[in-house]
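Count residues from 1 along the sequence. All values below were derived from every heavy atom in this structure, side-chain atoms included, with hydrogens, water molecules and symmetry-related copies excluded.
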Amino acid sequence: MTHEHETTTTRAARAPLGTRTLGTTSPLVVSTIGLGCMGMSEFYGTGDEGDAVATIHRAVDLGVTFLDTADMYGPFTNEKLVGRALVGRREDVVLATKFGNERAEDGTRLGINGRPDYVRRAADASLRRLGVDHIDLYYQHRVDPTVPIEETVGAMAELVEAGKVRHLGLSEASPRTIRRAHAVHPITALQTEYSLFTRDIEDEILPTLRELGIGLVPYSPLGRGILTGAIASADDLEAGDSRRTAYFPRFQGEALEANLALVGRVRDIAESKGATAGQLALAWVLARGDDIAPIPGTKRVRYLEENVGAASLVLTADDLAAIDEAVPRDAVQGARYGDMSSIDA
């Protein structure tokens, strides 16, 4: 690590992180960068609860007060972990969780469920697991094509009226679904994948959000970790890591080799600015607009601190042009999921 990078990281850890506002009709103030908690419990190799809790506590200390979980992570265990970590600190955070990807206790996937009766049951269960009396931002995790979005959002709106939920969100919803949902009750934020490696939302979804006054919460803003530069081959991932499977084509064979070459270009630009590849990639997302609050996930304090450092990295117009030239939008190899059937279109 260079002295310049050390200075950048140290300064970032001391500086106030700042906030951004999601939505205009039902605005919600969140930290500029949030924390995705999913990997603490499932999907990205083994986790350690002690490390996870320490990471959440350090996040809050650094001003990362926007925490993201979901009932299906674990399943159910991630909400419990987050709840335990927030004992005595609930008022310090904006807490987001999701419903809709229904799973059994043994982890069996039961499908997407947007039925109103399920919405109510899922919310009550999440409140119990989290140990809180309200959820700040409640998302439909995936759109149920068998249930009119008006019915699902209508049930979500009832949760707001009951005081169980403060703000509503959608995840991976199409422009048409977003418009229909927003007509029932103000939608504060859309959570969807967005990064240097995934930019398709710029065509229709992002303009729709800005027309309606809805914020964007990018998940996987580091391309599921590949943009950090910490992954040199599939062998760097644990045996049980889902990124080693065909479900994530960008991490397979020739596609991975091509994508790692792109990461090398990102690293070169980052080093010229005394930053890491991950910090540059996050700073690029932040530069796309003040209505965007990414939620990079991590289960380790050192990566959390590195991510926070991205907020103090200023990118000039020349920097952004160089990044776009280094990583053309269509240069990334492989679909973001091996099975895109659950994505609303």
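- The two residues A293 and P218 have their closest heavy-atom pair at O-CD, 3.5 Å.
- Residues passing the salt bridge (charged side-chain N to carboxylate O under 4.0 Å, His left out) test with R302, sequence neighbours excluded: none.
- The one candidate from I187, T188, V217 that meets the side-chain contact (heavy atoms from CB on, under 4.5 Å) condition with Y139 is V217.
- When the side chains of ILVMFWY residues are joined at heavy-atom separations under 4.5 Å, either directly or via intervening members, V132 and L86 end up in a single hydrophobic cluster.
- Closest non-hydrogen pair, V263 versus G229, comes out as CG1-CA, 3.9 Å.
- With hydrogens and angles ignored, the 3.5 Å screen pairs no side-chain donor or acceptor of T25 with any backbone N or O of P186.
- Contact annotation: the side chain of R58 approaches that of V301 to within less than 4.5 Å [non-hydrogen atoms, C-beta and beyond].
- Screening R336, R329, R250 for a side chain to side chain donor-acceptor pair (under 3.5 Å) with T198, the sole residue that qualifies is R250.
- Atom OG in S312 sits 9.5 Å away from atom CG in L17 (nearest 0.5 Å).
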Using the side-chain hydrogen bond (donor to acceptor under 3.5 Å, both in side chains) rule, take D318 and T316 through it: C-alpha gap first, then chi angles, then the decisive distance, then the call. CA-CA 5 Å; D318 287 344; T316 66; 5.0 Å; no
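- Minimum interatomic distance between P249 and G334 (heavy atoms only, all atoms of both residues): CB-CA, 4.3 Å.
- For Q252 (side chain) and R243 (main-chain N/O), a donor-acceptor pair under 3.5 Å exists by modelled atom type.
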For a side-chain hydrogen bond (donor to acceptor under 3.5 Å, both in side chains) check, start with the C-alpha distance between T192 and E172, then their side-chain angles and the critical distance, and finish with the verdict. CA-CA 5 Å; T192 198; E172 292 286 6; 3.0 Å; yes
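- Once rounded to the nearest 0.5 Å, the distance linking NE2 of H182 with CD1 of I178 reads 10.5 Å.
- Residues L227 and L280 form no side-chain contact, since every pair of their non-hydrogen atoms from C-beta on lies 4.5 Å or further apart.
- Hydrophobic clustering keeps I112 apart from V119 (ILVMFWY residues linked when any side-chain heavy atoms are closer than 4.5 Å, directly or through intermediates).
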Using side chain to side chain contact (heavy atoms under 4.5 Å, CB included), reason through I56 and L35 one step at a time and then give a plain yes or no. CA-CA 8 Å; I56 292 172; L35 173 61; 4.1 Å; yes
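- Closest non-hydrogen pair, I135 versus A123, comes out as CD1-O, 4.4 Å.
- Side chain of S220 to main chain of L222: no donor-acceptor pair is present (N/O by atom type, distance under 3.5 Å, no hydrogens or angles).
- Side-chain contact between Y118 and E102 is present, with heavy atoms from C-beta onward closer than 4.5 Å.
- Under the 4.5 Å side-chain heavy-atom criterion for Ile, Leu, Val, Met, Phe, Trp and Tyr, L206 and L22 are members of the same hydrophobic cluster.
- Side-chain contact of T276 with E306: a donor-acceptor pair under 3.5 Å is present, judged by distance alone.
- Contacts classified as side-chain hydrogen bond (donor to acceptor under 3.5 Å, both in side chains) and involving residues 59-71 (residues at least two apart or in different chains) are given here: D61-R89, D68-K98, D68-Q191, T69-N78.
- When all heavy atoms of V147 and G114 are compared, the pair lying nearest together is CG1-O, 3.5 Å.
- In this structure, a donor-acceptor pair under 3.5 Å is absent between the side chains of T19 and S31.
- A donor-acceptor pair is defined here as one N or O able to donate and one able to accept, closer than 3.5 Å; such a pair exists between the side chain of N259 and the backbone of Q333.
- For the residue pair S174/R180, the side-chain donor-acceptor check at 3.5 Å is not satisfied.
- Applying the side-chain hydrogen bond (donor to acceptor under 3.5 Å, both in side chains) criterion to R176, with sequence neighbours excluded, gives no partner residue.
- For D290, the salt bridge (charged side-chain N to carboxylate O under 4.0 Å, His left out) partners two or more places apart in sequence, or in a different chain, are R20.
- Side-chain contact between E79 and Y73 is absent, with no heavy atoms from C-beta onward closer than 4.5 Å.
- Residues satisfying the side-chain contact (heavy atoms from CB on, under 4.5 Å) test with A287, not counting sequence neighbours, are L320.
- Two residues are said to be in side-chain contact when any heavy atoms from C-beta on lie closer than 4.5 Å; V308 and E305 fail this criterion.
- Residues meeting the side-chain contact (heavy atoms from CB on, under 4.5 Å) test with R166, sequence neighbours left out: H134, D136.
- Legend: residues meeting ring-ring contact (aromatic ring centres under 6.0 Å, His included) with H167, ordered by chain and number and at least two apart, are absent.
- Using a 4.0 Å cut-off between charged nitrogen and carboxylate oxygen, R265 and E325 do not count as a salt-bridge pair.
- A distance-only check finds a donor-acceptor pair linking the side chain of T55 to the backbone of K299 [under 3.5 Å].
- Using a 4.0 Å cut-off between a side-chain N of Lys or Arg and a carboxylate O of Asp or Glu, E202 and R288 qualify as a salt bridge.
- Every residue meeting the side-chain contact (heavy atoms from CB on, under 4.5 Å) condition with H185, not counting sequence neighbours, appears here in chain and number order: V153, A157, V160, L168.
- Listed by chain and residue number, R120 satisfy the side-chain hydrogen bond (donor to acceptor under 3.5 Å, both in side chains) test with E158 (two or more places apart in sequence, or in another chain).
- I292 places none of its side-chain heavy atoms less than 4.5 Å from the side chain of L286.
- The aromatic rings of F248 and Y337 sit tilted relative to each other, their planes meeting at an angle between 30° and 60°.
- For A104, the side-chain contact (heavy atoms from CB on, under 4.5 Å) partners two or more places apart in sequence, or in a different chain, are D106, T108, L110.
- If you take CD1 on I201 and OH on Y194, they are separated by 5.5 Å, rounding to the nearest 0.5 Å.
- A side-chain donor-acceptor contact under 3.5 Å links T228 to the backbone of G225.
- Side-chain atoms of R224 and F197, non-hydrogen and from C-beta on, never get closer than 4.5 Å to each other.
- Closest approach of I269 and A322 over heavy atoms only: CD1-O, 3.7 Å.
- Atom CZ in R121 sits 10.0 Å away from atom CG in D124 (nearest 0.5 Å).
- Contacts of K80 classified as salt bridge (charged side-chain N to carboxylate O under 4.0 Å, His left out), with partners at least two apart in sequence or in another chain: none.
- Under the rule for a salt bridge (charged side-chain N to carboxylate O under 4.0 Å, His left out), E204 has no partner lying at least two apart in sequence or in another chain.
- In this structure the side chain of I226 reaches within 4.5 angstrom of the side chain of L256, judged on heavy atoms.
- To the nearest 0.5 Å, atom CD1 of residue I295 and atom CG of residue L67 are 10.0 Å apart.
- Summarising the geometry, atom CG belonging to D92 is positioned 10.0 Å from atom NE2 belonging to H57; distances are rounded to the nearest 0.5 Å.
- Between K273 and D319, at least one side-chain N (NZ, or NE/NH1/NH2) sits under 4.0 Å from a carboxylate O, which counts as a salt bridge.
- When atom types are taken as modelled, the side chain of R109 and the backbone of R103 share no donor-acceptor pair closer than 3.5 angstrom.
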